[in-house]
Amino acid sequence: MYTFFELKGLGDSLKLEMVQAGCGCTTPEFKAGAYAPGETVKIKVGFNAAAAGRFDKPITITYNGGQQKVIMITGTVEATPATPAPANGAVGKIKQ
């Protein structure tokens with residue numbers, strides 16, 4: 001599962017230094033560097049669930065000389081169904 005965050009420098013340039021996840025099941029992807037005022041920075045965050053249930057995972061963004069902001073990804077992982085989905089009898093009637 002992935003989600004995206006967008007940051008935008010308002011008035012001043014934005015220097016993205018680091019994006020860190022709170023655990024190994026959460027993986028951020030980002031491009032460190034300086035961004036012009038008004039430029040949008042995208043951060044992709046992946047989450048690999050080990051178990052069903054609710055989750056809250058912190059992501060710490062470090063920018064502009066050590067300033068930090070923590071954002072959270074939250075959600076609920078549903079358990080895998082105990083039985084497979086029923087067969088679709090119409091599949092054989094599809095033209096190929």
Side-chain angles (χ1 to χ4, degrees):
M1 164 174 115
Y2 290 97
T3 191
F4 293 87
F5 294 96
E6 291 185 351
L7 307 176
K8 191 174 197 178
L10 301 175
D12 294 325
S13 62
L14 171 69
K15 183 178 179 193
L16 182 60
E17 297 166 7
M18 178 62 70
V19 179
Q20 294 176 301
C23 69
C25 62
T26 310
T27 309
E29 295 178 23
F30 67 100
K31 182 180 174 194
Y35 294 86
E39 187 175 359
T40 300
V41 181
K42 290 187 179 183
I43 299 172
K44 179 180 178 181
V45 179
F47 175 68
N48 186 5
R54 182 166 169 72
F55 65 89
D56 299 297
K57 301 295 179 181
I59 306 295
T60 302
I61 301 170
T62 305
Y63 62 98
N64 291 1
Q67 295 182 57
Q68 291 188 328
K69 180 71 175 172
V70 177
I71 56 177
M72 300 290 288
I73 59 170
T74 62
T76 302
V77 176
E78 300 293 333
T80 303
T83 58
N88 184 346
V91 169
K93 298 178 182 178
I94 297 175
K95 290 184 178 182
Q96 295 191 19

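Bear in mind the structure is a predicted one, so any value in this text is a computation, not a measurement. Residues take their numbers from the sequence shown, with the count starting at 1.
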Review point. How would you list, by chain and number, every residue that makes a side chain to side chain contact (heavy atoms under 4.5 Å, CB included) with E78, sequence neighbours excluded?
Key: T76
Tell me which donor-acceptor pairs under 3.5 Å the side chains of residues 21-40 have, and how far apart each pair is, sequence neighbours excluded?
residue : atom : partner : partner atom : Å
Y35     : OH   : K31     : O            : 2.6
E39     : OE1  : A36     : N            : 2.9

Practice item. Dump the intermediate steps for side-chain contact (heavy atoms from CB on, under 4.5 Å) on K44 and F4, then the final yes or no. Key: CA-CA 5 Å; K44 179 180 178 181; F4 293 87; 3.6 Å; yes
**Study point:** Of all pairs that satisfy side chain to side chain donor-acceptor pair (under 3.5 Å), the ones with a partner from residues 46-59, not counting sequence neighbours
**Key:**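 Only R54-D56 qualify under side chain to side chain donor-acceptor pair (under 3.5 Å).
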Of all heavy-atom pairs between [X] and [Y], which one has the smallest distance, and what is that distance?
{"X": "I73", "Y": "F47", "result": "CD1-CB, 4.2 Å"}
{"X": "Q68", "Y": "T62", "result": "NE2-OG1, 3.2 Å"}
{"X": "I43", "Y": "L7", "result": "CD1-CD1, 3.7 Å"}

